Amino acid sequence: MTSYATPSGRPTDDWPTDERTARAVQDALRTRVVLDETGPPPGTGHVTGVDVAYDDERDVVAAAVVVLDAATLDVVEEATAVGTVTFPYVPGLLAFREIPTVLSALDGLRSDPGLVVCDGYGIAHPRRFGLASHLGVLTGLPTLGVAKNPFVFSYEDPAARRGSAAPLLDGTEEVGRALRTREGVKPVFVSAGHRVSLSNACAHVLRLTPRYRLPESTRRADALCRSALREVAG
DNA sequence: GCGACAG
DNA sequence: ATCTTGTCGC
């Protein structure tokens with residue numbers, strides 16, 4: 001079993017607790033993001049969904065990882081982990097709130113995660129180092145981000161049919177893509193995390209959304225982390 | 001200076 | 001993220 005919670009960014013010891021340090025960590029690790037790889041072929045191997053749920057009253061956080069067969073979208077394996085919230089929600093620093101517990105959940109897997117699909121952004125980030133990129137650099141796994149909101153970026157509404165896309169822009173730079181996963185429904189916002197190209201990231205997301213707006217991987221992980229949270233809290 | 005701002 | 005009733009639709 002591979003251990004993810006121990007490498008360069010341990011979730012306990014050298015994990016930032018203040019914003020100043022957290023931004024410095026992002027600036028230091030962003031140089032390790034790999035963008036010149038195409039990533040695993042869509043529809044092959046495993047695709048793992050990751051999500052986290054909170055109980056702010058008790059500072060409890062529950063993470064879930066669900067491994068799917070990329071071809072059939074059948075569940076191959078699941079794992080959860082419960083931890084303590086050690087970082088507040090600060091736009092741009094989401095990774096420091098979620099990653100420690102996610103790494104613990106990944107440690108509970110026996111299967112190869114394959115491509116990891118995160119709830120949030122990859123390089124579509126003020127410092128080009130969002131949650132998905134951060135998780136990718138710490139684990140070495142290929143990752144991509146799927147967000148439900150455009151964050152600080154702009155975009156023009158893509159055509160109504162499923163599969164249509166429009167650039168997600170930071171000024172004139174394309175940092176991701178607004179991708180229509182369901183006809184006439186608000187698009188999702190996809191960005192490359194680590195070791196995956198933007199176009200392949202979109203191809204993966206389309207394969208993961210045969211029926212709903214959000215990827216099957218994140219829907220599965222969302223349901224799992226919520227039930228995991230209920231088992232330890234309210 | 002003030003507001004906006006992934007989850 | 002989370003707090004929450006009813007309601008429209010397959």
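Letters A, B, ... mirror the listed sequences (proteins, then strands); counts begin at 1. These numbers were taken from a predicted model, which means no experiment stands behind them.
- The nearest whole Å value for the distance from the CG atom in A/Asp222 to the P atom in C/dA1 is 6 Å.
- With sequence neighbours excluded, no residue satisfies salt bridge (Lys or Arg N to Asp or Glu O under 4.0 Å) with A/Glu183.
- No contact: A/Ala124 has no heavy atom under 4.0 Å from any strand.
- Whole-Å rounding puts the A/Phe87 CZ to C/dA1 P distance at 19 Å.
- The aromatic rings of A/His125 and A/Phe151 sit tilted, their planes meeting at an angle between 30° and 60°.
- When heavy atoms are screened at a 4.0 angstrom cut-off, A/Leu93 is found touching base atoms of the nucleic acid.
- Distance NZ (A/Lys186) to C1' (B/dA6): 11 Å, rounded to an integer number of Å.
- Set against B/dC5, C/dT2, B/dG7, the side chain of A/Val152 has B/dC5 as its closest nucleotide.
- Distance A/Leu168 CG to B/dA6 C1': 11 Å, rounded to the nearest Å.
- A/Phe189 and A/Tyr155 have perpendicular rings, their planes meeting at more than 60° on a 0 to 90° scale where under 30° would count as parallel.
- Across all strands shown, A/Tyr54 has heavy atoms under 4.0 Å from sugar-phosphate atoms exclusively, and none from any base.
- The side chain of A/Arg226 lies closest to C/dA1, out of B/dG7, B/dC5, C/dA1.
- The separation between A/Tyr212 atom OH and C/dC10 atom P is 14 Å, rounded to whole Å.
- The CD atom of A/Glu19 sits 15 Å away from the C1' atom of B/dA6 (whole-angstrom rounding).
- Across the protein-nucleic acid pair, A/Lys148 atom NZ and B/dA6 atom P stand 10 Å apart, rounded to whole Å.
- Using a 3.5 Å distance cut-off with no hydrogens or angles, the side chains of A/Asn200 and A/Thr38 do pair a donor with an acceptor.
- Here B/dA6 presents its P atom at 15 Å from CD of A/Gln26, a figure rounded to the nearest Å.
- Heavy atoms of A/Gly92 sit under 4.0 angstrom from at least one base atom.
- By the criterion of a centre-to-centre distance under 5.5 Å and near-parallel planes under 30°, the ring of A/Tyr89 forms no stack with the base of C/dA1.
- Side-chain nitrogen and oxygen atoms of A/Asn149 include none within less than 4.0 Å of the OP1 or OP2 phosphate oxygen of B/dC5.
- Below 30°, between 30° and 60°, or above 60°: for A/Phe96 and A/Trp15 the angle between ring planes is between 30° and 60°, a tilted geometry.
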